[in-house]
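By convention in this document, chain letters (A, B, ...) are assigned in the order of the sequence lines, proteins followed by strands, and residues within each chain are numbered from 1.
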Protein chains: 2
Amino acid sequence: MAVADGKNPKTTIADVARVAGVSVTTVSRVLNGEKYVREDKKKAVERAVAKLDYQPNLYARSLAGDRSYLIGLLFDDPRGDYLSGMQRGAMHRCREEGYHIVVELFDRTTTLDQIEQFLSKLRPSGVLLTPPVCDNKVILAALARKKVPTVRISPSEDFPGMASVKIDDYHAAYQMTEHLISLGHKDIGFIIGDIEHADARARLRAFRDAMKAAGLAVNEDWIAQGSYQFASGRDAAKQILRGHTRPTAIFSSNDDMAAAVIVVADEMGLEVPGGLSVAGFDDIPLASAVSPSLTTIRQPVEAMAETAVGRLMAMLKGGDSDVDTPILMPVEFIKRASTGTCK
Amino acid sequence: MAVADGKNPKTTIADVARVAGVSVTTVSRVLNGEKYVREDKKKAVERAVAKLDYQPNLYARSLAGDRSYLIGLLFDDPRGDYLSGMQRGAMHRCREEGYHIVVELFDRTTTLDQIEQFLSKLRPSGVLLTPPVCDNKVILAALARKKVPTVRISPSEDFPGMASVKIDDYHAAYQMTEHLISLGHKDIGFIIGDIEHADARARLRAFRDAMKAAGLAVNEDWIAQGSYQFASGRDAAKQILRGHTRPTAIFSSNDDMAAAVIVVADEMGLEVPGGLSVAGFDDIPLASAVSPSLTTIRQPVEAMAETAVGRLMAMLKGGDSDVDTPILMPVEFIKRASTGTCK
DNA sequence: AATGAATATGGAAGCGCTTCCAGAAAATGT
DNA sequence: ACATTTTCTGGAAGCGCTTCCATATTCATT
């Protein structure tokens with residue numbers, strides 16, 4: 001079972017060395033950007049590499065150098081645009097750096113042992129953790145013990161010694177709540193996301209705080225639990241809207257559920273935003289596709305992943321710097337058609 | 001920059017050999033399931049492996065054995081549940097087989113050169129191609145040239161010598177047509193998808209055959225050509241519905257166009273499904289978001305990916321068998337609100 | 001001009017595995 | 001009984017790279 005062989009069947013570092021007129025050691029140095037290589041030799045090596053269309057053998061490098069050039073991306077469930085964007089951003093950045101993404105699922109059926117095997121078999125140069133895996137104590141401990149450079153994306157709790165990238169969920173949700181209030185809404189419902197996610201909790205907290213700060217009461221009947229899934233949004237919306245008194249606005253913890261709210265409102269003959277304003281969070285593609293389009297908060301998902309990879313690269317290159325301070329990414333408030341003044 | 005080191009810092013095949021009282025060659029044979037190893041020695045090796053908690057070094061294996069145990073998953077855009085499901089399925093199956101998924105983006109900004117680098121650097125044991133990458137002639141040619149075992153998922157066109165996994169479009173469309181007929185519809189319209197795609201042709205053929213089998217005539221004025229795009233669905237619907245005699249149901253080759261049919265019907269004051277039943281295909285997220293929600297056909301995305309990996313494994317294990325015959329997967333009929341009995 | 005650092009280079013020893021090869025042991029045929 | 005074939009086993013040579021070590025060469029300091 002031979003593996004792919006390109007147009008240049010077997011160009012090795014030795015070939016490059018011969019063509020460049022230097023030793024393999026020197027070629028290796030140039031390839032790895034080490035210092036102590038004279039400029040002219042460096043140029044010669046680069047010319048030879050280009051001429052031969054040389055591709056270093058990843059496996060030889062990994063074996064000899066104890067680095068894998070693979071970065072692991074662990075997640076619980078790859079569904080949804082959130083993780084897709086994450087993956088996309090990570091791929092982009094990795095491509096620039098010559099690294100590759102190995103995806104690995106970590107859900108209910110996954111044992112710690114499987115993850116440990118993943119780590120010791122693949123020996124990834126680094127690992128990216130997405131929510132909610134990024135808050136799994138067992139995984140974090142395993143990673144720390146094995147000293148695998150790790151960046152957590154949108155984690156809920158602190159874990160000393162591990163870098164993280166997150167958005168300011170609290171601030172964003174606070175801002176959205178204020179937006180609704182500024183439109184004259186006093187009766188506002190809220191759909192909570194998967195409570196396992198720290199962001200879901202932060203958004204809820206911000207909502208409550210912003211209401212309180214505006215001197216508005218929160219009607220607990222209008223607070224429903226969702227799971228970030230579209231279907232759960234349906235249920236939540238029905239629950240909130242079934243009573244004889246209804247809120248004039250609903251702030252959903254994410255767009256998927258917000259879209260479901262619009263559908264339910266439509267089914268009930270409630271006009272949006274005439275009879276009900278709906279606000280979302282995340283700005284997934286669906287947000288601008290539904291009618292009316294969703295007022296929402298855009299999370300720079302791709303940029304976050306890119307930043308996370310960048311952080312990883314920095315760690316790999318030695319600068320251990322301040323790992324404990326999370327990198328906060330800015331969010332963007334997107335005003336669209338689903339929110340309007342309270343009549 | 002040390003890479004992860006587990007609890008057993010450095011258990012090599014030599015350690016296993018010593019403990020088992022055999023040579024490394026024999027250990028290697030057992031590990032790779034080769035024949036010509038006596039049963040007692042095999043047992044001894046297995047015991048030693050378990051006792052030492054030995055993990056073979058992936059990179060040493062890859063370097064020496066010219067296999068990578070990595071399988072590449074190429075896609076155009078990771079957004080959407082379709083590819084998420086795909087990935088999930090592929091991961092599951094790979095885990096069972098001890099392989100891992102390396103994801104790689106192939107969009108507008110990607111050059112062929114980048115993909116070739118991906119292939120020659122990672123030397124994946126196999127590659128999975130998702131639509132629309134699976135119909136990219138250039139990629140296919142590159143893969144074929146490098147002899148990388150490849151499985152295409154839901155390809156539109158044939159490409160000799162390359163395995164593929166697809167749904168049984170004919171069967172599914174036949175089933176949907178029968179559904180419409182069972183609701184009492186006799187006058188049924190059909191919107192054809194992009195005729196360049198094999199699936200569009202199969203769906204049309206199934207529609208005609210099912211009608212014929214039920215003894216129903218197909219009115220050619222009610223058959224319109226679309227391109228799978230939403231906008232083309234609008235035009236097709238208008239064309240079908242403009243006459244003085246109208247069908248009582250329209251089967252659209254995909255959900256995008258079916259959604260357009262609903263919009264057009266709405267504009268014409270035709271109620272769905274009261275005055276017109278509408279059926280789609282694909283079960284895209286929009287299908288459950290539109291009102292009324294679309295009766296459609298869902299592809300078993302995860303299962304398809306699992307099957308694709310299975311096919312790949314079979315190819316890697318030597319059985320080259322019949323690569324040209326696509327593996328057909330069963331689909332799921334989703335009854336929603338857009339189809340109803342013919343009044 | 002002499003001394004020690006800083007800079008630059010290559011030889012060669014692995015990294016942990018697979019596999020070729022040669023040879024031993026067991027099973028088969030005559 | 002011997003000659004073949006088949007089954008089993010281990011030694012040792014790589015796979016293509018990184019890196020330790022020893023050796024040159026240059027540069028700044030006295």
Side-chain angles (χ1 to χ4, degrees), chain A residues 1-6 8-45 48-49 52 54-69 98 120-123 125 316, chain B residues 1-6 8-45 48-49 52 54-69 98 120-123 125 316:
Chain A
M1 238 138 315
V3 162
D5 49 345
N8 42 340
K10 215 143 275 189
T11 310
T12 73
I13 197 173
D15 299 322
V16 176
R18 198 175 320 109
V19 171
V22 299
S23 71
V24 294
T25 310
T26 299
V27 175
S28 174
R29 286 201 178 95
V30 173
L31 257 33
N32 291 292
E34 290 172 25
K35 54 181 189 174
Y36 296 150
V37 179
R38 234 168 44 207
E39 201 54 34
D40 57 334
K41 301 224 172 196
K42 190 171 165 186
K43 285 270 186 295
V45 169
V49 166
L52 298 174
Y54 166 72
Q55 277 288 322
N57 180 308
L58 180 69
Y59 305 105
R61 299 184 87 173
S62 301
L63 178 59
D66 209 25
R67 310 185 208 104
S68 69
Y69 300 93
S120 54
K121 239 188 75 184
L122 236 41
R123 298 174 201 240
S125 295
L316 293 179
Chain B
M1 237 136 320
V3 163
D5 50 346
N8 43 341
K10 214 145 275 186
T11 311
T12 73
I13 197 173
D15 300 320
V16 177
R18 198 175 320 109
V19 171
V22 298
S23 72
V24 294
T25 309
T26 300
V27 176
S28 175
R29 286 202 179 95
V30 173
L31 258 32
N32 291 291
E34 289 173 24
K35 54 180 190 175
Y36 296 149
V37 179
R38 236 168 41 206
E39 202 54 34
D40 57 334
K41 302 224 172 199
K42 190 171 164 187
K43 285 273 186 293
V45 169
V49 166
L52 298 174
Y54 167 71
Q55 276 289 322
N57 180 308
L58 180 70
Y59 304 105
R61 299 185 86 172
S62 302
L63 178 58
D66 209 25
R67 309 186 207 104
S68 69
Y69 301 94
S120 53
K121 240 188 74 184
L122 237 40
R123 296 172 202 242
S125 295
L316 294 179

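- Judged by closest nucleotide on DNA chain D, Val24(B) is the one of Val24(B) and Leu31(A) placed further toward the 5' end.
- When the side-chain hydrogen bond (donor to acceptor under 3.5 Å, both in side chains) test is applied to Ser62(B), no partner is found at least two apart in sequence or on another chain.
- In this structure, Arg123(B) forms no cation-pi arrangement with Tyr59(A), as its terminal cationic atom is not both closer than 6.0 Å to the ring centre and no more than 45° off the ring axis.
- When the side-chain contact (heavy atoms from CB on, under 4.5 Å) test is applied to Ala64(B), no partner is found at least two apart in sequence or on another chain.
- Residue Glu39(B) contributes atom CD, which lies 16 Å from atom C1' of dA26(C) at whole-angstrom precision.
- Every residue meeting the side-chain contact (heavy atoms from CB on, under 4.5 Å) condition with Val49(A), not counting sequence neighbours, appears here in chain and number order: Val16(A), Leu31(A), Val45(A), Tyr54(A).
- Between Thr26(A) and dG10(C) there is a side-chain polar atom (N or O) within less than 4.0 angstrom of OP1 or OP2.
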Tabulated below should be each protein N or O lying under 3.5 Å from an N or O of nucleotides 3-7 of chain C; please produce it.
from, atom 1, to, atom 2, distance (Å)
dT7(C), OP2, Tyr36(A), OH, 3.2

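- Here Ser28(A) lies in heavy-atom contact (under 4.0 Å) with a base.
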Output one line per pair: protein atom, nucleotide atom from nucleotides 20-24 of chain C, and distance, for all N/O pairs under 3.5 Å.
none

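- Sorted by first and then second residue, the pairs that involve residues 20-32 of chain A and meet salt bridge (charged side-chain N to carboxylate O under 4.0 Å, His left out), not counting sequence neighbours, are Arg29(A)-Glu34(A).
- Across the helix from dA1(C)-dT30(D) to dT30(C)-dA1(D), the helix axis at one end is tilted relative to the axis at the other end by 30° (nearest 10 degrees, each axis from five pairs).
- For Lys41(A), the side-chain contact (heavy atoms from CB on, under 4.5 Å) test picks out Val22(A), Val37(A), Arg38(A), with sequence neighbours left out.
- Remark: Ala17(A) engages Val24(A), Val27(A) in a side-chain contact (heavy atoms from CB on, under 4.5 Å) (not counting sequence neighbours).
- Contact footprint of chain B on DNA chain D: nucleotides with an atom under 4.0 Å from a non-hydrogen protein atom, first to last in 5' to 3' order, dT7(D) to dG16(D).
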